[in-house]
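For reference, the structure is listed below as structure tokens.
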Amino acid sequence: MRPAYLLPLKGILERLDAGEVVIGDGGYVLQLERRGYVKAGHWTPEAAVEHPEAVRQLHREFLRAGADVMQTFTFYSCDDKLDISGNAPNITCQQINEVACDIAREVANEGGALVCAGVSQTGVYKDRSSESEVKAIVKKQLDVFLRKDVDFLIAEYFAHVEEAVWAVEVLVTSGKPVASTLCISPKGDIDRVCPAECAVRLVKAGAKIVGVNCHVDPTQCLNTVKQMKEGLDTAGLRAHLMIQPLGFHCPDCTSAGYIGLPEFPFALESRVVNRWDVHKYAREAYTAGIRYIGGCCGFEPYHIRALAEELAPERGFLPPASQKHGLWGSALEGSSKPYVKARASRSHWENLKPASGRPLCPSMSIPDA
Ligand SMILES: N[C@@H](CCSCCCCC(=O)O)C(=O)O
Ligand SMILES: [Zn+2]
């Protein structure tokens, strides 16, 4: 939550152009599935209408943890996805998109955060012939976002760069800043378009912020974004870089990402990154020149706090949730047990190789896709 002296609000491009670090929020659909508000499989966001208090609370926790942006809970909020799901026969996507924007704005205003409204891959993409259908779906969401006057827009979680380019082309007609993140591996998008070329196409379509979200872990996402940066540099193009990886270790996944693993989506817990992994990821992302640094599925508020704590020297402040943390485990100095007190050090947590507690389980799986 930005200190009062950093207000009034600067827009996303003003902040990034000034070299500021922007901390993104974490995952919503997966986190709310675990909390009983989202149904896996179709992952539709009707909870914005059915349980706005649950969406509001998760936004608030990300804000308190240091997120500078509240992404609207509008993932998969398009008629084709909602209708097929059967999850909410009496709720329309327009309702979801309107309420989600209101909730995000309400919480963003509590802490000087920006509202980013998002569209995501549709269910109608097949090939080049799908362009008008995809663009119509994106336009329908965009109309609501413009009425709600969100701060900027994102086309996220696209596996085909072609579909993401179409989404960006629609979003840029708004005149608002547009970001785009692909759910791709370091090998490139689902059609084998390399990350460098993906970034070039997105920037040429008008995206001012490009990167990746979801599907693979921080290490692989960093690899992909570094390739994107090289591609843009080679092409003489400029854009800000954004990264919002999975909060799960999955070095064993293929280019299908974590959804190809037998543990997806109900047995990923043993793969969750810890806060110290997030410190390392945040520092490597910053060193690579990435300035919009957040998380996706698996990233809980305490992970976002770790981003904000690692980059506090660059940002000049700690998030409110750090009042209940103590940097690098220093809170444990208050423990009555000497062996716990002994862990109140950066060296303990930075060098720890945590055991999984599952002696009969493998560390890696054989992906199904
Ligand atoms: N901004 C979104 C991104 C969700 S990423 C995809 C989740 C799984 C979807 C699937 O398996 O189809 C969110 O945080 O929920
Ligand atoms: Zn995700």
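Every number for a ligand or one of its atoms is a count from 1 in the order of the listing.
- Per-residue contacts place G27 under 4.0 angstrom from the following atoms of ligand 1 (heavy atoms of the residue considered): 14 (O).
- The closest protein non-hydrogen atom to atom 7 (C) of ligand 1 is C297 SG, 3.5 Å.
- Remark: ligand 1 atoms within the under-4.0 Å shell around heavy atoms of E156 are 1 (N), 2 (C), 3 (C).
- By the 30° and 60° cut-offs, the orientation of the rings of Y292 relative to F152 is perpendicular.
- Taking 2.8 Å as the criterion, H215 does not count as a coordinating residue of the Zn ion (ligand 2), since none of its N, O or S atoms falls below it.
- Against a heavy-atom cut-off of under 4.0 Å, W43 is close to the following atoms of ligand 1: 9 (C), 10 (C), 11 (O), 12 (O).
- In summary, R291 and E314 do not engage in a salt bridge, as defined by a charged side-chain N under 4.0 Å from a carboxylate O.
- Annotation: side chain of D68 is in contact with side chain of R15 (closest heavy-atom distance under 4.5 Å).
- With a 4.0 Å cut-off on non-hydrogen atoms, S120 does not touch ligand 1 at all.
- Each of the following atoms of ligand 1 lies closer than 4.0 Å to a heavy atom of F264: 11 (O).
- When heavy-atom distances to ligand 1 are checked against a 4.0 Å cut-off, C296 comes that close only through its side chain, counted from C-beta outward.
- Here the Zn ion (ligand 2) is the vertex; the SG atom in C214 and the SG atom in C296 give an angle of 120° (to 10°).
- Atom 8 (C) of ligand 1 has its closest protein heavy atom at Y258 OH, 3.9 Å.
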query = After noting the C-alpha distance and the side-chain angles of D189 and R201, does the key distance pass the salt bridge (Lys or Arg N to Asp or Glu O under 4.0 Å) rule?
reply = CA-CA 12 Å; D189 88 338; R201 292 188 194 178; over 6 Å; no
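- By the 30° and 60° cut-offs, the orientation of the rings of W328 relative to W276 is parallel.
- Between the side chain of Q121 and the backbone N or O of E163, no donor-acceptor pair lies under 3.5 Å.
- Using the six-membered ring where Trp is involved, F75 and Y157 have ring planes that are perpendicular, over 60° apart on the 30 and 60° scheme.
- Set against the non-hydrogen atoms of V29, the atoms of ligand 1 under 4.0 Å away are 4 (C), 7 (C), 13 (C), 15 (O).
- Both the sub-6.0 Å distance and the 45° axial angle are not jointly satisfied by R305 relative to the ring of Y302.
- Ring pair F299/Y281 is perpendicular by interplanar angle, where above 60° counts as perpendicular and below 30° as parallel.
- Proximity of F62 to ligand 1, defined as any heavy-atom pair under 4.0 Å, is not found for any part of the residue.
- Distances from the Zn ion (ligand 2) show that C183 has no N/O/S atom below 2.8 Å.
- Close approach of ligand 1 to C214 (heavy-atom distance below 4.0 Å) involves ligand atoms 5 (S), 6 (C).
- Against a heavy-atom cut-off of under 4.0 Å, Y76 is close to the following atoms of ligand 1: 9 (C), 10 (C), 12 (O).
- Close contacts of ligand 1 with Y28, meaning ligand atoms under 4.0 Å from a residue heavy atom, involve 13 (C), 14 (O), 15 (O).
- Salt-bridge formation is detected for the pair E300/R35: a Lys NZ or Arg NE/NH1/NH2 atom is positioned less than 4.0 Å from an Asp or Glu carboxylate oxygen.
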